[in-house]
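Structure, as structure tokens:
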Amino acid sequence: MEFLFFLQQIVNGLALGSVYALLAIGFSMIYGILRMMNFAHGDLYAFSAIFIGGVLAQGWPVYLALPLGIAVGALIGVLVERICYRPLRVIDRSVAIVSSLGAAFVLRNASEYLFGVRPAPFPLLLGQDKFVIGSVSFPLNALYILFVALAAIFLFNTFLKRARLGRGIMLVAQDIPTASLMGVPVNRTIVLVYAIGGALGVIGGVLYGSIYGIVFTDMGFPGTIKAFVAAIVGGIGNLAGAMIAGLFLGVIETLVVVYGGDWVGLPPGYRDAVAFVILIVFLLFRPTGLMGTRVSTAEAGTGASMGYSATTRRAIKLFGAIVVPRWMIGPAALLAAVAFPQLISDPYLLRIANLIMMYAIAVLGMNLVLGYCGQFHFGQAGFLAIGAYTTALLMLNFDVNVLVALAASGALAFALGVLVGIPAIRVRSDYLALVTFAFGEIVRLFILNSGFTRGPMGLPGIPVPEIFGFKIADNVGFFYYALALLVLAYVLCVQVTRSHIGRAWKAIYEDETAAEAMGINTARYKILAFGLSCFLGGIAGSYMATFSRFIAPNSFGVDLSVLVIIMLVLGGLGNLWGSIIGAAIMIGAVEILRPIAEFRIAFIGVVMILIPILRPQGIFSGIGNEAVPFRAWIERWRTKAATRHAR
Amino acid sequence: MSVTTFKGEVELKSKTKSRGVTGVVLGLALAAGLSAANAQQTLTIPFSGPLTGPIATYGLEPLHGAMLAAEDINKAGGLKAGPWKGFQIKLEQFDDRGDPQESANIAQKLVLNRDTVAVIGHIFSGNCLAALPIYEQNGLSNATPICSNPKITESGYKTIMRVVQDDVANGRAQAELAVKTLGGKKIGVLWANQDFGKGMFEQSTARLKELNVQFVAEPYNEKETDFNAIISRFKAAGVDQIMHLGFYTEAALQARQAKAQGLNVPFFAGPGVVSSEFIKLGGKDVEGVIVMDFMKEELVTPKLKELSERTKAAFKEGFNLYHRNGYDIMNFVAAGIEAAKEKSREAVRVALRGTTLKGLTYEIKLTDKGNLIVPADKLLDYYALKVVKDGKFNDRK
């Protein structure tokens with residue numbers, strides 16, 4: 001009986017895994033070819049699945065609704081490529097991430113506007129039948145999904161090997177310039193990949209909907225993350241591997257929920273954490289996946305290693321010189337900031353200013369690691385959470401002074417940041433983004449599932465902080481507190497980036513192999529970048545706890561990490577002033593745009609798409625990222641010329 | 001500005017396109033009907049909650065309920081008594097997307113307008129807790145139509161007004177109904193791993209322990225869609241009832257998956273599930289699900305029927321629990337303002353704490369901490385069991 005129960009759990013796990021497998025195959029195909037993480041993918045398939053659900057509810061037959069929806073998905077895929085990726089193909093990858101996140105925002109907002117905010121029912125197209133052997137029941141719908149997955153693998157592999165277009169895709173995957181020299185229409189081929197990716201995503205979304213009978217606007221994200229984990233565990237580009245890993249993930253997750261509590265004392269709330277732990281383990285110890293060998297991590301460089309032309313450098317120097325004499329900016333800004341609460345007494349504006357400064361501290365930290373050192377860090381929310389909870393718990397339970405709590409928050413965040421930095425020695429780029437993202441999520445899940453943090457209830461009533469006998473109770477007090485922290489953080493960043501550390505970071509950013517050849521201990525400097533970055537995240541979190549007086553785990557989701565990155569890129573990678581400006585833009589936009597509630601997020605999304613395209617170096621030109629559209633233009637022209645020539 | 005041209009216009013601006021059209025039409029009709037009352041003055045009541053994003057439903061439903069109440073008040077000539085006698089009510093919307101930080105920003109903005117004497121909001125307990133210190137500092141009353149975390153009123157804030165049952169009342173009532181009325185002997189408790197779900201879990205399982213009833217409790221994370229593992233655990237444990245403490249989306253999926261796994265025991269869902277959306281999502285798979293509602297069908301007044309029709313016409317949605325809360329809270333706030341001794345925040349605050357209102361389904365009167373008074377011996381009178389049959393919630397006979 002016990003064994004049969006276990007067997008049933010395995011079957012349940014395989015059924016859940018079949019959905020992951022299908023999504024993972026789609027992901028693996030696209031990622032294997034372009035090695036560009038499409039952050040709009042989840043929202044693309046959510047949008048299309050909701051669209052199909054709506055069309056079916058209107059009474060359309062399945063054989064019409066499905067192709068229509070797939071066409072919509074493919075079209076969105078093409079548009080995302082055309083608008084968000086193509087102009088940025090040769091530019092730093094973190095910039096393209098922001099523009100694709102912008103596309104995701106727009107899609108989500110459009111879906112809410114067109115189809116409503118409520119989850120919608122979806123017909124159970126695959127039925128709920130099952131066949132029973134002994135006392136173990138096998139759901140048929142999961143079998144159908146596995147069949148679709150196998151068919152997709154077979155068709156896609158055949159297409160790549162046999163069809164002319166497919167071979168073109170393989171060539172583009174190998175090397176874009178060579179492909180264009182060989183006469184492959186590069187742009188058209190990449191568009192095709194995105195179209196196929198979009199279509200496959202939609203099929204996955206539809207099957208997901210028809211198993212659970214529901215579609216909703218944010219269904220994309222959880223599925224995408226699991227799919228990506230499966231794609232990596234299976235080995236990127238290895239479709240069979242992705243499928244097996246997807247099934248494996250489903251089984252593990254099910255076993256954690258069923259047996260986790262009894263065997264290892266792991267509550268079911270940790271089911272997602274398991275996927276993340278698997279991800280971290282694989283990326284660290286077997287980054288090529290269970291069986292894949294096609295892509296090695298070392299190949300997937302940051303993209304920053306691409307050189308930049310002398311013209312570009314000169315252009316940047318010129319523009320940099322026109323603005324304002326540099327030495328004047330600092331003192332003038334500080335003076336203005338100190339006087340600000342005296343001139344503007346509006347507590348609402350002061351509050352917004354406080355929030356901006358709080359975020360700016362976290363963004364400055366992000367700038368060190370991503371803007372200067374070029375290391376992806378998608379887990380800053382986790383460090384804000386660590387800082388916030390450390391401060392809150394110390395002040396609530398031990399009546400500790402706020403400055404002591406602040407120091408403790410910073411120290412703990414630094415220590416854990418160093419820990420997170422260790423993977424950076426081994427993995428790079430998108431993979432590092434995933435490891436750090438996974439770490440951030442594990443922190444959140446830990447807080448959510450622990451007793452001493454009060455779990456989802458959050459910590460209310462954090463005491464009013466007192467510094468040197470002064471109680472900080474109003475927005476003016478918090479303004480000066482935030483300003484002091486921001487100035488210290490800024491000075492720290494300036495000092496560090498101007499020192500040998502900053503130079504080492506820049507060297508790593510430009511070309512890690514070369515940096516190593518120059519004798520730079522890249523591992524140590526990368527870990528230091530993470531440590532300092534997370535330290536500032538912890539400081540910002542500590543401030544957040546005392547300023548808000550209430551914190552809860554859902555404030556520290558992946559949205560927050562993403563927001564910090566958006567602020568950084570908008571302000572400019574490697575530009576410390578830009579970090580503050582970026583924070584001001586995003587926080588300001590959310591507040592200023594509140595009256596146009598329906599379109600608020602879409603508007604921000606459009607800004608996120610446009611700024612990287614028009615000014616990939618950020619609003620303020622940076623020293624760390626010299627890539628400008630001019631170079632993109634040259635590159636495009638070259639590709640075009642080459643293509644024309646080959647015809 | 002529309003405020004000066006159409007004084008007393010109830011803003012029926014809605015969040016989706018289809019609803020938007022009707023909203024505009026209604027708004028115009030209303031404005032035309034009230035053109036005679038143009039000379040009247042307007043009192044603006046801000047409403048804050050998630051009005052966009054994935055959890056917008058929980059903000060929009062009470063907002064729509066409150067709009068209907070404001071419409072009723074304005075049609076009857078505005079506020080009936082007090083320093084604002086004859087004033088029309090205008091609801092102003094502030095979207096916080098469910099983000100506590102934004103709620104606090106909105107609170108900071110609202111307290112600055114000295115003409116604002118009461119706020120309706122916020123929707124989730126986390127948002128409420130983040131905004132409360134700011135309201136408290138500025139003495140601005142805020143009345144919440146949904147937040148049920150006991151902490152909100154236990155912390156001793158003077159400005160909070162909660163017109164709904166808290167987790168203590170809901171959780172204990174659900175446990176009692178599960179055992180005493182539905183005869184559960186071994187209950188599988190499914191709770192949402194967020195503040196509402198956990199509050200309900202703590203209170204209801206505490207009561208189950210008092211009643212000496214066995215239970216297995218399992219949390220689930222929000223946005224999850226596959227609950228097969230938990231359900232087969234319940235099946236193996238031999239539960240004779242599933243008690244759900246969370247929201248309708250997950251409840252619909254869980255009921256479906258329990259049925260598919262052949263776990264044919266009563267599925268008893270808490271107050272977060274009483275919504276026509278639940279039936280829409282679950283279809284025939286939620287037939288037979290029992291829910292804890294607040295009103296027996298036979299007691300439904302003509303007023304509720306009328307509101308249900310108006311909700312359908314204006315917003316293309318069913319009249320749910322949260323609409324009712326929204327309707328009640330608008331009337332409650334209005335009653336408090338009418339009872340105020342003078343035009344000040346403090347007068348309104350004091351009046352609200354002392355107001356007694358006959359709501360749509362129960363009497364609203366607050367404790368000196370601002371919590372709804374629910375007499376322990378009458379606890380079960382506040383609730384009614386309903387069962388889903390033929391795509392509708394019907395009284396459980």
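Just so we're on the same page: letters track the sequence lines, and every chain starts at 1.
Contacts of A:Pro119 with chain B are made by both backbone and side-chain atoms, with heavy-atom separations under 4.5 Å. For B:Ser155, no part lies under 4.5 angstrom from a heavy atom of chain A. Only the side chain of B:Pro133 comes within contact range of chain A, with at least one heavy atom under 4.5 Å from a heavy atom of that chain. With a 4.5 Å cut-off on non-hydrogen atoms, A:Glu253 does not touch chain B at all. Looking at A:Thr254, both its backbone and its side chain come within 4.5 Å of chain B, counting heavy atoms on both sides. Heavy atoms of B:Gln257 lying under 4.5 Å from chain A belong exclusively to its side chain. Looking at A:Leu16, the atoms closer than 4.5 Å to chain B (heavy atoms on both sides) sit in the backbone and in the side chain alike. Heavy atoms of A:Ile551 lying under 4.5 Å from chain B are absent altogether. Heavy atoms of A:Met219 lying under 4.5 Å from chain B are absent altogether. Residue contact with chain B, scored on non-hydrogen atoms closer than 4.5 Å, involves the backbone and the side chain of A:Tyr348 alike. Residue A:Gln9 touches chain B through its side chain alone, counting heavy-atom pairs closer than 4.5 Å. Proximity to chain B is absent for every atom of A:Ala15, based on heavy atoms less than 4.5 angstrom apart. Contacts of A:Phe122 with chain B are absent, with no heavy-atom separation under 4.5 Å from either backbone or side chain. Neither the backbone nor the side chain of A:Asp559 comes within less than 4.5 Å of any heavy atom of chain B. Using a 4.5 Å cut-off between heavy atoms, A:Leu350 does not touch chain B at all.
Sorted by first and then second residue, the pairs that involve residues 102-113 of chain B and meet salt bridge (charged side-chain N to carboxylate O under 4.0 Å, His left out), not counting sequence neighbours, are A:Arg594-B:Glu102, A:Arg600-B:Glu102, B:Arg97-B:Glu102.
The greatest number of non-hydrogen atom pairs below 4.5 Å with chain A, out of B:Thr57, B:Thr225, B:Asp195, is found for B:Thr225. Counting heavy-atom pairs under 4.5 Å between each of B:Ile106, B:Leu110, B:Ile55 and chain A puts B:Ile106 at the top. Of all the listed residues (B:Asn221, B:Asn193, B:Thr249), the one sharing the greatest number of non-hydrogen pairs under 4.5 Å with chain A is B:Asn193. Heavy-atom pairs under 4.5 Å with chain A were tallied for B:Lys280, B:Lys151, B:Glu224; the largest tally goes to B:Glu224. Of the listed residues (B:Ala56, B:Ala236, B:Gly126), the one with the most heavy-atom contacts under 4.5 Å to chain A is B:Gly126. Contacts with chain B were tallied for A:Ser548, A:Pro456, A:Ala552; A:Pro456 has the most, counting heavy-atom pairs under 4.5 Å. Between chain B and the residues A:Glu591, A:Arg549, A:Gln8, the most heavy-atom pairs under 4.5 angstrom are made by A:Glu591.
Of all heavy-atom pairs between A:Arg351 and B:Asn105, the closest is NE-OD1, 2.6 Å. Residue A:Pro347 comes nearest to B:Gln108 through the heavy atom pair CB-NE2, 3.2 Å, listed as atom of the first residue, atom of the second, then distance. The minimum heavy-atom distance between A:Asp218 and B:Lys223, with the atom names listed, is OD2-CE, 2.9 Å. Of all heavy-atom pairs between A:Gly213 and B:Arg256, the closest is CA-NH1, 3.4 Å.
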Does the pair B:Asp226 and A:Tyr212 meet the rule for a side-chain hydrogen bond (donor to acceptor under 3.5 Å, both in side chains), with working shown? CA-CA 8 Å; B:Asp226 194 294; A:Tyr212 297 113; 2.6 Å; yes

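Partners of B:Asn138 by side-chain hydrogen bond (donor to acceptor under 3.5 Å, both in side chains), not counting sequence neighbours: none found.
To the nearest 0.5 Å, the span separating CD1 on B:Ile134 from CG on A:Asn475 amounts to 7.0 Å.
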